[in-house]
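Working notes, beginning with the structure itself.
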Amino acid sequence: MSPPTKILQIVPRLPPDNDGVGDYARQLAQQLASAHHIETAFLSFCPNLETPDTVDGFATHQLFNHTKSHFLSLLPKDIDGILLHYSNYPYLQSHFKAPFWFPNALKAAKTERNLPVVVLFHELPTLKWKNIRVLNPIQTPVSKQLSRLANAVVTDTQNFKRQLQKWTKNAIACIPDFSTIGEPQQNQIQPLEKRQPRLVIFGGSDRTRAYQNLDRLLKTCQALGIQDICDIGTKQNITPSRFGKITFTELGFQPATKVQEILLDSQAGFLDYTRFPGDLGKSSVFAAFCAHGVMPVCTAHNPSEADGIFANQQYAIAGEHFSNWSPQQCQSIANRARAWYTQHDLEANAKLFSGCFS
């Protein structure tokens, strides 16, 4: 198979919608173009009437009718392959209406147009009841079919890889996510002691869990000598007085360049990822903390060792025990987190996907 010159990246949403998977695909498209001479056209599965004809200079197509015939009619004539970013829930029209037609449509594109199909599983379909997480019986068949029809399968955690190996005989590549807000150069990374005594909480609506145990958050800040907490994302209207002597600021949604600027001058990044045990590797927020040289702090141990992420090595666990830590211990966490990240940065991800098509 000769290397492609243009691929179609299928994503849930594109701007003006805010979407982590869409951000991932856009960053990947730019890197594929600059480093591998592979251009991208985008197809939005859940389009917005305000989505422009081009995003970042790449043509966009909107799937307003979820049918096989409409999908096939939208395929650009000049593409050499398809990369599907599948994260399950954005592709659902309701809890009981998975896109059962979609695998057949992709299979038709593969056979009729001789297009190789690569599927990146950002998520797998699960249900959670109390502390038990099981596969969603309604949505799982679609994911199974996609894994089997693909020419190549990629995912972002070993947890997902183990499950996918039960569904398909395809080789499965596993690579953790990169920072979708961008990556600083090594010479931009300052030691923690030269940064503001600030802790950053940012991301989507899920970041509200970081505040569920406010006492633990405050004790963490006090033990680390943090003077400011900076919240980045859709405003939650949290009362600043709840944080006592620690200054709390809600910045709201900020452009990626501003988030980078703040992270590069902050000492710690705080997140609650207990909802996804074993899956820290798929967190773009965790990736951003690692990439920007802050010390990642999780509210609890997350068993992600299979992806090379260890407590007290690539992240610390929240609590007042930090009062016994030296500055060197904190710096060691930040250094190891960044070293882990550089093994699977945007360049490494793009190289992997380029290889999937050739």
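Just so you know, residue 1 is the first one in the sequence shown, and it goes up from there.
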Which atoms form the tightest heavy-atom contact between [X] and [Y], and what is the distance?
{"X": "His85", "Y": "Leu28", "answer": "CE1-CD2, 4.2 Å"}
{"X": "Glu112", "Y": "Leu72", "answer": "OE1-CD1, 4.1 Å"}
{"X": "Cys221", "Y": "Leu199", "answer": "SG-CD1, 4.0 Å"}
{"X": "Gln185", "Y": "Arg338", "answer": "C-NH2, 4.2 Å"}
{"X": "Leu192", "Y": "Gly293", "answer": "CD2-O, 3.5 Å"}
{"X": "Leu217", "Y": "Ala210", "answer": "CD2-O, 4.2 Å"}

Using a 4.5 Å cut-off on heavy atoms from C-beta on, say whether the side chain of [Y] contacts that of [X].
{"X": "Phe270", "Y": "Ile229", "value": "no"}
{"X": "Cys290", "Y": "Trp340", "value": "yes"}
{"X": "Gln190", "Y": "Leu264", "value": "no"}
{"X": "Val154", "Y": "Ile172", "value": "no"}
{"X": "Asn151", "Y": "Asn170", "value": "no"}
{"X": "Ile7", "Y": "Ile79", "value": "no"}
{"X": "Leu106", "Y": "Leu84", "value": "yes"}

No-hydrogen, no-angle side-chain donor-acceptor test under 3.5 Å, [X] and [Y]:
{"X": "Tyr273", "Y": "Asp206", "answer": "no"}
{"X": "Thr60", "Y": "Gln62", "answer": "yes"}
{"X": "Asp307", "Y": "Thr157", "answer": "no"}
{"X": "Asn88", "Y": "Gln139", "answer": "yes"}
{"X": "Arg162", "Y": "Asn159", "answer": "yes"}

Is the gap between the ring centers of [X] and [Y] under 6.0 Å?
{"X": "Phe45", "Y": "Tyr91", "result": "yes"}
{"X": "Phe178", "Y": "Tyr341", "result": "no"}
{"X": "Trp167", "Y": "Phe121", "result": "no"}
{"X": "His292", "Y": "Phe289", "result": "no"}

Practice item. Apply side chain to side chain donor-acceptor pair (under 3.5 Å) to the pair Asp231 and Gln236, showing each step before the final yes or no. Key: CA-CA 9 Å; Asp231 182 278; Gln236 305 176 80; 3.2 Å; yes
Check your understanding: Would you call Arg209 and Asp272 a salt bridge, taking side-chain N to carboxylate O under 4.0 Å as the test?
Key ->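 Result for this pair is yes, salt bridge flagged.
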Practice item. Considering only NZ, NE, NH1 and NH2 on the basic side and carboxylate oxygens on the acidic side, decide whether Arg26 and Asp23 come within less than 4.0 Å. Key: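 Here Arg26 pairs with Asp23 in a salt bridge, since their nearest N and O are under 4.0 Å apart.
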Check your understanding: Under the criterion salt bridge (charged side-chain N to carboxylate O under 4.0 Å, His left out), which of Arg198, Arg195, Lys194 is the partner of Asp265?
Key ->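 Filter result, single survivor: Arg198.
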Distance-only check: which donor-acceptor pairs under 3.5 Å involve side-chain atoms of residues 314-325, not counting sequence neighbours?
from   : atom 1 : to     : atom 2 : distance (Å)
Gln314 : OE1    : Phe310 : N      : 2.8
Tyr315 : OH     : Asn302 : N      : 2.9
Tyr315 : OH     : Asn302 : O      : 3.2
His321 : NE2    : Ile317 : O      : 3.0
Ser323 : OG     : Glu320 : O      : 3.0

Could you check whether any side-chain N or O of [X] sits under 3.5 Å from a backbone N or O of [Y], counting only pairs where one atom can act as donor and the other as acceptor?
{"X": "Ser283", "Y": "Phe286", "value": "yes"}
{"X": "Asp345", "Y": "Glu183", "value": "no"}
{"X": "Asp80", "Y": "Thr5", "value": "yes"}
{"X": "Asn136", "Y": "Pro125", "value": "no"}
{"X": "Thr168", "Y": "Gln165", "value": "no"}
{"X": "Lys68", "Y": "Phe102", "value": "no"}
{"X": "Arg207", "Y": "Gly204", "value": "yes"}
{"X": "Asn48", "Y": "Glu50", "value": "yes"}
{"X": "Thr51", "Y": "Pro47", "value": "no"}
{"X": "Arg336", "Y": "Ser332", "value": "no"}

Exercise for review: Look at the rings of Phe248 and Tyr211 and say which category their plane angle falls in: under 30° parallel, 30 to 60° tilted, over 60° perpendicular.
Suggested key: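 Answer is perpendicular, since the angle exceeds 60°.
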Exercise for review: Report yes or no: is the cationic atom of Lys282 (NZ for Lys, CZ for Arg) under 6.0 Å from the centre of the six-membered ring of Phe160, at an angle within 45° of the ring normal?
Suggested key: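 The answer is no; the distance or angle limit is not met.
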Review point. Quick one: NZ on Lys245 to CD on Gln227, what's the gap to the nearest 0.5 Å?
Key: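 Going from the NZ atom of Lys245 to the CD atom of Gln227 covers 12.0 Å.
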